[in-house]
Amino acid sequence: MRRAHHPHAGEITLIGVMSALSDPIRVGLVRVLADGQERGWSELRAPVAKSTLSHHLRVLRDAGLTRTREEGTRCYVALRRQDLQARFPGLLDSVLAAAETEDVGHQVGVRETSLTT
C-alpha cells in the first residue's frame, strides 16, 4: 500500500480546502468527523461505492482537512481541526454551521456497530 501524503499545516491552502469542500459527500464526511473521533473507513456510511468513498477521503486528505492512519490492513481518518483552525481561524466552524443549517451532507453517517461478544 502506498504511504499517504499529508500536507504540513503551512502547506494547506484556502483554495485546496474550499475545493475539497465543494462536494456534499465530502462536507458530510467532515461533519461526521467534526466530533473529534478517529473513525475507521469501514465505519463510514455514504450513498456511494467504496471506491468513490475512498476517492472522497483522499481528496480531503490531500487538501489537508483530514489525517489518515494505517494500522495493518485498516485505515482510520480524523479531522485536522487544530491545523485548520491555526491556518484559517473560524473557517471550519463557519462551514460546519452553514452545512448544518442547509443540511448539506446529511446522507453521510456512521455505521451502527453491534456490541455482541
Counting C-beta onward and ignoring hydrogens, is there a side-chain heavy-atom pair between Thr66 and Leu57 closer than 4.5 Å?
no

Solution key, residues 100-108 side-chain donor-acceptor pairs under 3.5 Å, sequence neighbours excluded:
residue	atom	partner	partner atom	Å
Glu100	OE1	Arg31	NH2	2.8
Thr101	OG1	Ala97	O	3.0
His106	ND1	Asp103	O	3.0

Taking every heavy atom of Ile12 against every heavy atom of Gly64, the minimum-distance pair comes out as CD1-O, 3.5 Å

Would Leu53 end up clustered with Leu60 when hydrophobic side chains under 4.5 Å apart are linked, directly or stepwise?
yes

Going by the rule side chain to side chain donor-acceptor pair (under 3.5 Å), which residues pair with Arg69 if we only count those two or more places apart in sequence or in a different chain?
Glu38, Glu71

Got a list of side-chain donor-acceptor pairs under 3.5 Å for residues 88-95, not counting sequence neighbours?
residue	atom	partner	partner atom	Å
Asp93	OD1	Arg81	NH1	3.1
Ser94	OG	Gly90	O	3.0

Distance in Å, Arg80 CZ paired with Gln82 CD, rounded so as to fall on 0.5 Å steps
11.0 Å

Is there a path of hydrophobic side-chain contacts, each under 4.5 Å between heavy atoms of I, L, V, M, F, W or Y residues, that connects Val32 with Val30?
yes

Taking all heavy atoms of Arg87 and all of Gly10, pick out the closest pair and write down the distance.
NH2-O, 3.6 Å

Who are the side-chain contact (heavy atoms from CB on, under 4.5 Å) partners of Ser42, not counting sequence neighbours?
Arg74

Shortest non-hydrogen contact between Arg111 and Leu44, atoms and distance:
NE-O, 3.6 Å

Ignoring hydrogens, what is the shortest heavy-atom contact between Thr68 and His6? Give both atom names and the distance.
N-NE2, 2.8 Å

In one Ile/Leu/Val/Met/Phe/Trp/Tyr side-chain cluster, 4.5 Å: Leu79, Leu14
yes

Apply side-chain contact (heavy atoms from CB on, under 4.5 Å) to Glu11 and list each qualifying residue two or more places apart in sequence or on a separate chain.
Pro7, His8

What one should report as the nearest heavy-atom pair of Ser54 and Trp41 is OG-CZ3, 3.7 Å

Can I get a per-line list of side-chain donor-acceptor pairs under 3.5 Å for residues 17-24, giving both atom names and the distance, sequence neighbours left out?
residue	atom	partner	partner atom	Å
Ser22	OG	Ser19	O	2.6
Asp23	OD1	Ile25	N	2.8
Asp23	OD1	Arg26	N	3.4

